[in-house]
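Counting starts at 1 for both ligands and their atoms, in listed order.
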Amino acid sequence: MSEKTQAEILKEELFYSPEHAAYACEDEEIAKADAFCEGYKQFLNACKTEREAAAFVKELAEKNGYVPFDPKASYKAGDKVYSDIRSKALILCTFGSESLEKGAKIVASHIDSPRLDLKPNPLYEDAELALFKTHYYGGIKKYQWTAIPLALHGIIYRRDGSCIKVCLGEDEGDPQFVVTDLLPHLDKKQANRPMSEAIEGENLNILVGSRPFAKDKGSEMVKLNIMKLLNEKYGIIEADFLSAELEAVPAFKASDIGFDRSMVGSYGHDDRVCAYPSVMAEIDTVMPKYTSVTVITDKEETGSDGNTGLHSAFLKHFIADIAKTQGLCGRDVLRASECLSADVNAGFDPTYPSVHDKLNAAFINRGIVVTKYTGSRGKSSTNDANAEFMAKIRTLFDNSKVAWQIGELGKVDEGGGGTVAKYVANLGVEVVDVGVPVLSMHAPFEVVAKLDVYMAYKGFKAFLEQ
Ligand code: MN
Ligand code: MN
């Protein structure tokens, strides 16, 4: 082996040069990452909506010794509690050996993903086809949602108050659903429209049936047949749609991507790829010094509003409640607390290099991305993490052998986006965005690298256990 030149040695010493995480990992650790992602894939397949993810995590937490938080109880170090926020968000917490005066370590991710929500009055018949009207949820490229198999998830409340769970299109043999698209032979006008207008929101209608009720003649016989089937299966009438939340999501299962199986393709990595590792890290945090608070929230994709989103008071109130158990004031705890806003960032895509500044872009397989700021047009609407906190996280990850990189969401003025970071920061908490880089973000089938998923787990665990 030839010796390194002086320049090479100096470069190593002076240059910032993030590299493929595989170079820094022992084979053993790569195997651990692959094994971790087997559990992650099961989670992806079992939880396609925020309700399903919240229920899954609640059950997992209970199995691991978490009990419902009681504001009137007193807790000792190592005690594990949870708070259920209207079945769509969840907080897991492990009390630390230090007083909450020293602050909590918070990791916050989201469990909602872009999808097609059914409208309150969705079912209609046209040209002897039965269809559902939808209103899309979150930022989607509408053309990606046509001509792919869809599954229906959600709940329906009947007039008598009883609740029906719906999950159709996931099991082998289940019927599936689809938004149809124009054939290329007849799409001249459509093809000449800008991509953002090629498919209109009101055209995202889901095909759900095509056979009439019996042989009776009359209007809306196909719709009647669908209502009859729904009545038989779920005991519902059409008006019950008004008190339902039904969501159409891609019916695909998560799968390994690549000959080397180094990646996972799935619907909804954003942001279950941060939620799952953070929950596993929280569960594995047994006797932390500082109290750990792991939040999986709803509504991030629509701006974090609503009482299950992080713009609401549920986190602030939870912190106030745990503070009270130690005779403290919530705002004093918040002021001393630190948070990783755990959300995905865009991975550099060599097919579309022009939207990124390569110096500041995240690459899949280089570990988790620390994103100092998000926002758009001159950092508008961002939590711009303080250098003091960036320094702390940098040292923590380096010392814990967590592969990490910095990342910015695209070039200046190319677009932009936001996360829950600013809502937590607005409470007075130190916050920085940390998450997994994703290819094809917000598409029905997104891609992440297994090493990055594992590094998210490692990074969150190091943060919660510091
Ligand atoms: Mn996200
Ligand atoms: Mn998103």
*Asks:* Less than 6.0 angstrom separating the ring centers of Phe132 and Phe177, yes or no?
*Replies:* no
*Asks:* In total, how many protein N/O/S atoms does one find closer than 2.8 Å to the Mn ion (ligand 1)?
*Replies:* 4
*Asks:* Taking the six-membered ring for Trp and the full ring for Phe, Tyr or His, determine whether the centres of Tyr40 and His269 are under 6.0 Å apart.
*Replies:* yes
*Asks:* Assess whether atom NZ of Lys142 is packed by more than 12 heavy atoms of other residues, nucleotides or ligands within 6.0 Å.
*Replies:* yes
*Asks:* Got a salt bridge between Glu29 and Lys458, using NZ or NE/NH1/NH2 to carboxylate O under 4.0 Å?
*Replies:* yes
*Asks:* Using only N, O or S atoms, tell me which atom of His442 is closest to the Mn ion (ligand 2).
*Replies:* NE2
*Asks:* Charged N to carboxylate O below 4.0 Å: is that the case for Glu247 and Arg51?
*Replies:* no
*Asks:* Can the ring centres of Tyr82 and Tyr66 be said to be less than 6.0 Å apart?
*Replies:* no
